[in-house]
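Each ligand, and each atom within it, is numbered from 1 in the order the structure gives. Computed from heavy atoms alone, side chains included, the values below leave out hydrogens, waters and symmetry copies.
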Amino acid sequence: MSEFDYDLFVIGAGSGGVRASRMAATSGAKVAVAEGRFLGGTCVNIGCVPKKLFVYGAHYSEDFEDARGYGWTVEGAKFDWPTLRDNKTKEIERLNGIYENILKNAGVELIHGYARVVDANTVEVAGQTYTAERILVVPGAKPFVPDFPGKEHVIVSDHAFYLETFPKKIVVVGGGYIAVEFAGIFHGLGAETVQSYRGDLFLRGFDKDVRETLRDEMLGKGIDLRFNSNVKKIDKEADGSLTITWADDTTESCDAVLYATGRVPNTGNLGLEEVGVEMGKRGAIKVNDNFQSSVPSIYALGDVIDRLQLTPVALSEGMALVNHLYGDKEPVAMDYEHIATAVFSQPNIGTVGLTEEQAREKYGNVVIFKSRFRHMKHTLSGRQEKTFMKLVVDGETDKVLGCHMVGADAGEILQGLGVALKAGATKKIFDSTIGIHPTAAEEFVTMRTPA
Ligand code: FAD
């Protein structure tokens with residue numbers, strides 16, 4: 001008999017927590033998971049899933065316009081925000097139920113409430129204590145809003161999914177992928193949309209050509225992009241509208257201001273520092289390659305360790321940890337290379353591997369292939385939107401180091417290229433691959449002339 005109530009006590013039933021607790025229980029461990037808010041965590045409730053549903057919703061405005069060139073008349077198309085918002089919520093509630101069943105069926109005990117670590121082997125939830133041989137801390141991250149006068153009037157992405165009324169005019173502040181995605185969503189759904197970013201160009205860390213292409217496409221769609229732009233203060237007026245005072249003292253009125261200015265590890269009120277868990281930059285829990293913190297019985301993964309804040313990364317980290325702790329196979333270290341990602345901007349971005357800038361820093365001889373073209377669909381729709389593709393190749397070994405795309409379904413297309421890059425594909429292999437015709441994706445295997 002174990003001296004503890006559980007082998008593993010997991011704090012947070014989000015992407016990483018659900019996967020780790022389910023897999024650990026399936027491997028024979030006695031597992032409990034505490035969840036304070038919603039099953040499935042950020043991704044299911046206020047992240048990837050509802051966002052993607054909103055992105056689909058937002059794209060209809062262009063689809064209706066594009067249909068004309070194909071002979072369709074779409075008259076009287078109107079958008080109703082409560083319908084989209086509430087249908088989305090129903091779908092999320094359905095997913096919450098699925099997550100509950102997944103945990104139950106795996107034999108994981110679900111404890112509702114916020115958990116706090118009391119000591120290296122004890123957790124407290126709602127006044128009750130539980131002991132465990134190991135504690136896994138997976139509380140995710142939360143939006144960060146800098147301090148400034150009027151901060152209390154802004155919303156963050158969490159709120160955007162549940163807005164009572166849809167804004168006529170919104171200002172999105174931030175230059176990361178969440179800011180870019182919400183600017184596209186609000187614009188597509190009919191709001192006059194401004195995106196304000198303090199730097200020269202948004203999406204720092206992405207390939208420069210990709211960033212510039214998306215900038216041009218978003219401007220072309222009518223999104224008011226403002227770079228080197230800073231909010232000084234925000235005032236709320238008697239009619240509920242907001243007045244922004246910009247850094248140059250000009251003022252502007254709008255209905256909502258959405259701050260998407262980064263996410264920080266959610267480590268508040270967890271009792272971690274008190275028990276000696278070391279924290280790094282921005283409050284992230286410091287862990288070794290096996291996700292073990294400075295307190296040997298306490299582990300952490302997902303957004304709270306602040307490596308790559310993505311759902312598939314949290315899932316893989318969860319699997320790697322469970323394999324390490326309870327698996328019968330040789331543990332495999334988590335591999336953070338060649339992780340393909342998408343930005344569900346309008347149009348989408350898909351990317352895997354090195355940007356041109358990163359490749360040039362690391363390799364002496366870098367060869368670039370680029371293609372910019374009008375998607376076949378838009379020959380009849382009349383839309384001027386361009387699709388952009390780029391390959392970054394090591395001139396010495398011919399290995400493809402990076403693939404980047406801006407255009408419809410870029411995320412879908414890049415997933416397969418992620419496999420190719422992980423397999424170490426060379427440009428010669430890309431060239432010898434027969435394209436699927438007629439698709440946009442075939443361009444990735446037909447680019448022959450270096451840029
Ligand atoms: P989470 O999923 O956040 O789960 C943490 C859970 O812990 C939460 O349910 C929380 O309620 C609970 N919790 C916190 N503290 C306690 C406590 N003390 N006791 C009990 N429970 C607690 N990623 C992608 O890969 N693709 C996307 O398209 C994408 N889009 C996103 C869009 C938005 C708007 C946001 C905000 C995020 C998006 N992400 C996306 C990121 C993704 O959601 C996260 O990387 C992922 O959810 C991290 O998983 P996690 O398990 O670390 O944390």
Provide, to 0.1 Å, the distance between [atom] and the closest protein heavy atom, together with that atom's residue and name.
atom                    : value
atom 52 (O) of ligand 1 : Asp303 N, 2.9 Å
atom 26 (N) of ligand 1 : Cys48 SG, 3.8 Å
atom 49 (O) of ligand 1 : Ser15 CB, 3.5 Å
atom 2 (O) of ligand 1  : Thr42 N, 3.1 Å
atom 4 (O) of ligand 1  : Gly14 CA, 3.2 Å
atom 21 (N) of ligand 1 : Gly36 N, 3.1 Å
atom 19 (N) of ligand 1 : Ala115 N, 2.8 Å
atom 50 (P) of ligand 1 : Gly16 N, 4.0 Å

[X] versus ligand 1: do any nitrogen or oxygen atoms come within less than 3.5 Å of each other?
X      : value
Pro312 : no
Leu301 : no
Gly47  : no

Counting only heavy atoms closer than 4.0 Å, does ligand 1 sit against the backbone of [X], its side chain, both, or neither?
X      : answer
Phe344 : side chain
Lys51  : side chain
Ile178 : side chain
Asn269 : neither

Less than 4.0 angstrom from a charged side-chain N to a carboxylate O is my criterion; do [X] and [Y] meet it?
X      : Y      : value
Glu109 : Lys30  : no
Arg94  : Glu91  : yes
Asp255 : Lys168 : no
Glu152 : Lys236 : no
Glu357 : Arg211 : no
Lys422 : Asp335 : yes

Just jot down the ligand 1 atoms closer than 4.0 angstrom to any heavy atom of [X], in number order.
X      : answer
Gly41  : 2 (O), 4 (O), 8 (C), 9 (O)
Ala34  : 20 (C), 21 (N)
Tyr177 : 29 (C), 30 (N), 31 (C), 37 (C), 38 (C), 39 (N), 40 (C), 41 (C)
Leu270 : 18 (N)
Cys43  : 43 (O), 47 (O)
Tyr114 : 16 (C), 17 (C), 18 (N), 19 (N), 20 (C)
Gly302 : 52 (O)
Leu310 : 23 (N), 24 (C), 25 (O), 45 (O)

Close approach of [X] to ligand 1, heavy atoms, under 4.0 angstrom:
X      : result
Gly113 : yes
Glu181 : no
Ile46  : yes

Measure from the ring center of [X] to the ring center of [Y] and say whether it is less than 6.0 Å.
X      : Y     : answer
Phe79  : Phe64 : no
Phe4   : Phe9  : no
Phe161 : Phe54 : yes

For residues [X] and [Y], determine if any side-chain heavy atom of one lies less than 4.5 Å from a side-chain heavy atom of the other.
X      : Y      : result
Val194 : Arg226 : yes
Lys51  : Ile185 : yes
Glu317 : Arg19  : no
Gln195 : Phe182 : no

Stacked cation flag Arg282 on Phe144, 6.0 angstrom / 45 deg: no

For [atom], which candidate among [options] holds the nearest heavy atom?
atom                    : options                        : value
atom 8 (C) of ligand 1  : Arg37, Arg19, Lys52, Glu35     : Glu35
atom 53 (O) of ligand 1 : Ala314, Gly140, Gly176, Gly12  : Gly140
atom 23 (N) of ligand 1 : Ile305, Asn266, Leu308, Thr311 : Thr311

Parallel, tilted or perpendicular, as decided by the 30° and 60° cut-offs, for the rings of Phe227 and Tyr197: perpendicular

Pair Asp409-Asn348, side-chain donor/acceptor within less than 3.5 Å: no

